[in-house]
Number of protein chains: 2
Amino acid sequence: MIGRLSALTGVNIETIRYYERAGLLPPPPRTRGGLRAYDEEHVRRLTFIRRSRSLGFPLADIGTLLRLDGSDAQSCERTKAVSLRQLAAVRDKIASLRVLEQALAELTAACRPGRQERCPIIDALTSAPEPAPDQTARAATGRATRRGS
Amino acid sequence: MIGRLSALTGVNIETIRYYERAGLLPPPPRTRGGLRAYDEEHVRRLTFIRRSRSLGFPLADIGTLLRLDGSDAQSCERTKAVSLRQLAAVRDKIASLRVLEQALAELTAACRPGRQERCPIIDALTSAPEPAPDQTARAATGRATRRGS
DNA sequence: CTTGCGTCTGTAGTTGCTACAGACGCTAGC
DNA sequence: GCTAGCGTCTGTAGCAACTACAGACGCAAG
């Protein structure tokens, strides 16, 4: 049954169980043998989760969004707030990555192996300009800055 | 002594020990009491690591770069290859994030709490357009696509 | 000789999964 | 009825790159 849910939603089986453990997907009833028996509501909910993930929302925020899933103005408002926060986070990351892109593009462009005495990339990494006290980049392989609240 | 190295390089003490465990920073000699005693070479090496990290290089790549730190044409060439790979990874992430940014910007712009019956964000997450078979975004909170060797 | 900061090791937590191992459920065919 | 073989179960460990303890110890000043 979990295999069918996986096929219907495109979410990995192990990931489905992980979402259940994480409290995002409610534990389904079990067959006599202990297998998970899902229904349409689970399909809808998991689809919601997958789409939210594809927009980059952290699981904690998706939990919030799921709880807000009423159609009153207030939940709409909070949904928007969460989304704007996510949008801001995405823009932050883009900005950080653009700084990296620029630096890497310059370095790789300056590097012409065989035509220079010293590798300008290694030189830059060994003794380089310190780009302001720090505060800039941190998003390529590094973890994101934690969002407050 | 590790506190001083930390102050000199701006790298957290726990992170320094982590780099040592990870094999990036060679284990320094110890005092009689067992405290780490660093020298100038460690400062240089750790600075190199920090700068590489600030460009988003994964630790594994930094290990490679450190090993390449000779000034012949061949190591320069490999350094450039690693850097180009990193540049490509950064650009990939930017592209993915731009897709997210666009989608989030549209959704949040369409959402005007109190003026609509239904929240367009929640609607989009509940029953939305499927954006191609999949293959697109995955970089905001999600992990990056693994780079093949 | 004590105070108190610095440091030590070892382990666990973070985020969002993924990948097992080893045991069991379930169904089709004989 | 019985077995083959796939699907599923739980529980645990791993990934990246740190960060954050706990509890023990080093070391220099007063």
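Letters A, B, ... mirror the listed sequences (proteins, then strands); counts begin at 1.
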> So, B:Arg51 side chain and A:Thr126 main chain: donor-acceptor pair closer than 3.5 Å or not?
Replying inline: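 Pair found, side chain donor or acceptor close to backbone of A:Thr126.
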> Among the nucleotides D:dC9, D:dC18, C:dG16, which one has an atom lying closest to any side-chain atom of A:Arg30?
Replying inline: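 Looking only at side-chain atoms, A:Arg30 lies closest to D:dC9.
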Spacing between [X] atom [atom1] and [N] atom [atom2], to the nearest angstrom:
X	N	atom1	atom2	value
B:Gln86	D:dA16	CD	P	14 Å
A:Tyr38	D:dC9	OH	C1'	11 Å
A:Met1	D:dC6	CE	C1'	15 Å
A:Leu5	D:dG7	CG	P	16 Å
B:Arg4	C:dT7	CZ	P	11 Å
B:Ile16	C:dC8	CD1	C1'	14 Å
A:Ile49	C:dG16	CD1	C1'	13 Å

>> Restricting to non-hydrogen atoms, name the atom on A:Leu55 and the atom on B:Leu100 that form the minimum distance, rounded to 0.1 Å.
In response: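 Residues A:Leu55 and B:Leu100, closest heavy atoms: O-CD1, 3.5 Å.
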>> Give me the atom names and distance for the closest heavy-atom approach of A:Ile121 to B:Ser83.
In response: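 Residues A:Ile121 and B:Ser83, closest heavy atoms: CD1-OG, 3.6 Å.
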Does [X] make a side-chain N or O approach to OP1 or OP2 of [N] shorter than 4.0 Å?
X	N	result
B:Asn12	D:dT19	yes
A:Thr15	C:dG16	no
B:Arg50	D:dA17	no
A:Arg36	C:dG25	no
B:Thr31	D:dG26	no
A:Arg32	D:dC9	no

> With a 4.5 Å limit on heavy-atom distance, are the side chains of A:Tyr38 and A:Leu8 in contact?
Replying inline: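 A side-chain contact is absent here, since even the closest heavy-atom pair is not under 4.5 Å.
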>> Assigning hydrophobic clusters by single linkage (Ile, Leu, Val, Met, Phe, Trp, Tyr; side-chain heavy-atom cutoff under 4.5 Å), is A:Leu68 placed with A:Leu46?
In response: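 The answer is no; the residues belong to distinct hydrophobic clusters.
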> Does A:Lys80 come within less than 4.0 Å of A:Glu77, counting only side-chain N to carboxylate O?
Replying inline: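 No, no charged N to carboxylate O under 4.0 Å.
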> Any Lys/Arg nitrogen of A:Glu41 or A:Arg44 sitting under 4.0 Å from an Asp/Glu carboxylate oxygen of the other?
Replying inline: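 Judged by the 4.0 Å cut-off on N to carboxylate O distance, A:Glu41 and A:Arg44 do form a salt bridge.
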>> By nearest heavy atom, map B:Ile13 and A:Glu14 onto DNA chain C; which one lands nearer the 5' end?
In response: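 Nearer the 5' end of the strand: B:Ile13.
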> Near DNA chain D, under 4.0 Å by heavy atom, which residues of residues 17-28 of chain B?
Replying inline: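 Within residues 17-28 of chain B, the residues near DNA chain D are B:Tyr18, B:Tyr19.
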